[in-house]
Amino acid sequence: MEIHYQYMIPPFFKPYHEMTADEAKQYFEYYISQIPNRINYLQKFLESNANKLIELDFTKKSLVEFWDWYENLLVEQKETNYTDGTPLNLSYDVLGISSDFAMYFGETFVRNHSSIYWGYKKKPKSNFYLNWPSLLGFQKNLVHCPENSISILVSRSLEKKDKNAILKLYSTWEEWI
């Protein structure tokens, strides 16, 4: 199945660690403002392309249903060698779905845990997640970045499917509330 997905194109982008303070603020504000639009777009895409109803209703069940569908898509895309030269040798369309799902995953976590909120780390400069849109409010000032975490799960899924991976990630994050 060939995928056509309109992924988010920010007004500018450069590596997070290279952003100035003003650029990081501008990017973060843009990113946060796009969350409802991107989740809505992802929902409409699923309604047209998924073989079953997946309602993005900010529940763990929706995360599992999406992940089950997406892992199958990843396997199919990998087998067709859809594109190469992109991250993980997946098309930008498939990576765009991953990016929007990361937003959805993060927003689901925020909506279900009142102490957790979107933000970004401004310092120290050595922080791996410097300027990345992330979830804050965890114990010991821990930072969780949905974009990075979902990318890691995608990479692992390309090697071996694990339908429980998304719940494991969610539960791990809950341990730090």
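Numbers for residues simply follow the sequence, beginning at 1.
In this structure, a donor-acceptor pair under 3.5 Å is absent between the side chains of Y41 and D100. Judged purely by distance below 3.5 Å, without hydrogens or angles, the side chains of Y5 and N49 never pair a donor atom with an acceptor atom. Under 3.5 Å, the side chains of T59 and D57 contain a donor-acceptor pair of N or O atoms. Side-chain contact check for Y16 and E147: at least one donor-acceptor pair (N or O, by modelled atom type) lies under 3.5 Å. A donor and an acceptor atom, one from each side chain of T108 and Y170, are nowhere located under 3.5 Å apart.
Under a cutoff of 6.0 Å and an axis angle of 45°, K140 and F138 do not form a cation-pi pair.
Ion pair E174/K60 flagged as a salt bridge, since at least one NZ, NE, NH1 or NH2 atom sits closer than 4.0 Å to an Asp/Glu carboxylate oxygen.
Rounded to the nearest 0.5 Å, atoms CG (L135) and OH (Y120) are 15.5 Å apart. Interatomic distance, I116 CD1 to W176 CH2, rounded to the nearest 0.5 Å: 12.5 Å. Residue Q43 holds its CD atom at 4.5 Å from CD of E47, rounded to the nearest 0.5 Å. In this structure, W67 CH2 and I150 CD1 are separated by 5.5 Å, a value rounded to the nearest 0.5 Å. A distance of 9.5 Å separates CG of L90 from OG of S155, quoted to the nearest 0.5 Å. For the atom pair CG (N164) and CG (D68), the distance works out to 10.0 Å, reported to the nearest 0.5 Å.
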Handout entry: side chain to side chain contact (heavy atoms under 4.5 Å, CB included) assessment of L63 paired with L169
Key = CA-CA 11 Å; L63 295 173; L169 177 64; over 6 Å; no
Exercise for the section: Could you walk me through whether N131 and Y27 pass the side-chain hydrogen bond (donor to acceptor under 3.5 Å, both in side chains) test, one step at a time? Expected result: CA-CA 9 Å; N131 300 330; Y27 184 82; over 6 Å; no
Exercise for the section: Before giving the answer on side chain to side chain contact (heavy atoms under 4.5 Å, CB included), spell out for L95 and Y7 the whole-Å C-alpha distance, their side-chain angles and the decisive distance to 0.1 Å. Expected result: CA-CA 8 Å; L95 293 171; Y7 50 89; over 6 Å; no
Exercise for the section: Would you please test W173 and F105 for ring-ring contact (aromatic ring centres under 6.0 Å, His included) and show each step? Expected result: CA-CA 11 Å; W173 287 14; F105 182 86; 5.1 Å; yes
Practice task
Report the C-alpha distance between L136 and N141 in whole Å, list the side-chain angles of each, state the deciding distance to 0.1 Å, and finish with yes or no for side chain to side chain contact (heavy atoms under 4.5 Å, CB included).
Solution key: CA-CA 7 Å; L136 308 176; N141 290 323; over 6 Å; no
Exercise for the section: Could you go through the side chain to side chain contact (heavy atoms under 4.5 Å, CB included) check for F45 and D93 one step at a time? Expected result: CA-CA 11 Å; F45 179 82; D93 297 295; over 6 Å; no
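Linking Ile, Leu, Val, Met, Phe, Trp and Tyr residues whenever their side-chain heavy atoms come within less than 4.5 Å leaves L130 and Y30 in two separate clusters. A continuous path of Ile, Leu, Val, Met, Phe, Trp and Tyr side chains, each step under 4.5 Å between heavy atoms, connects I9 with Y92, placing both in one hydrophobic cluster. A single hydrophobic cluster is seen to contain both F28 and F12, as judged by linkage of ILVMFWY side chains at heavy-atom distances under 4.5 Å, directly or through other members. Note: the hydrophobic cluster containing M103 does not contain I152 (ILVMFWY, side chain heavy atoms under 4.5 Å, direct or indirect links).
Residues W118 and V110 are in side-chain contact: their nearest non-hydrogen atoms beyond the backbone lie under 4.5 Å apart. Within the 4.5 Å cutoff, the side chain of F128 has no heavy atoms near those of the C145 side chain. Taking the side chain as every heavy atom from C-beta outward, F58 and I39 approach each other to under 4.5 Å. Side chains of E107 and R111 form a contact here, defined as non-hydrogen atoms less than 4.5 Å apart. Between D162 and K168 there is a side-chain heavy-atom pair separated by less than 4.5 Å. The shortest distance between side-chain heavy atoms of I177 and S115 falls below 4.5 Å. Put simply, the side chain of N40 does not reach to within 4.5 Å of the side chain of L56, judged on heavy atoms. Residues L53 and E65 fail the side-chain proximity criterion, which asks for heavy atoms closer than 4.5 Å.
Here the side chain of E23 pairs no donor or acceptor atom with the backbone of F13 at under 3.5 angstrom. Side chain of Y31 to main chain of P10: no donor-acceptor pair is present (N/O by atom type, distance under 3.5 Å, no hydrogens or angles). For the pair S134 (side chain) and W132 (backbone), a donor-acceptor distance under 3.5 Å is present.
Using the six-membered ring where Trp is involved, H113 and F109 have ring planes that are parallel, under 30° apart on the 30 and 60° scheme.
Between F101 and Y70, the ring center distance fails the sub-6.0 Å criterion.
Crowding of K25 atom NZ: a count of heavy atoms from other residues, nucleotides or ligands under 6.0 Å not exceeding 12. Crowding of K161 atom NZ: a count of heavy atoms from other residues, nucleotides or ligands under 6.0 Å exceeding 12. Atom NZ of K125 has 12 or fewer heavy atoms from other residues, nucleotides or ligands within 6.0 Å.
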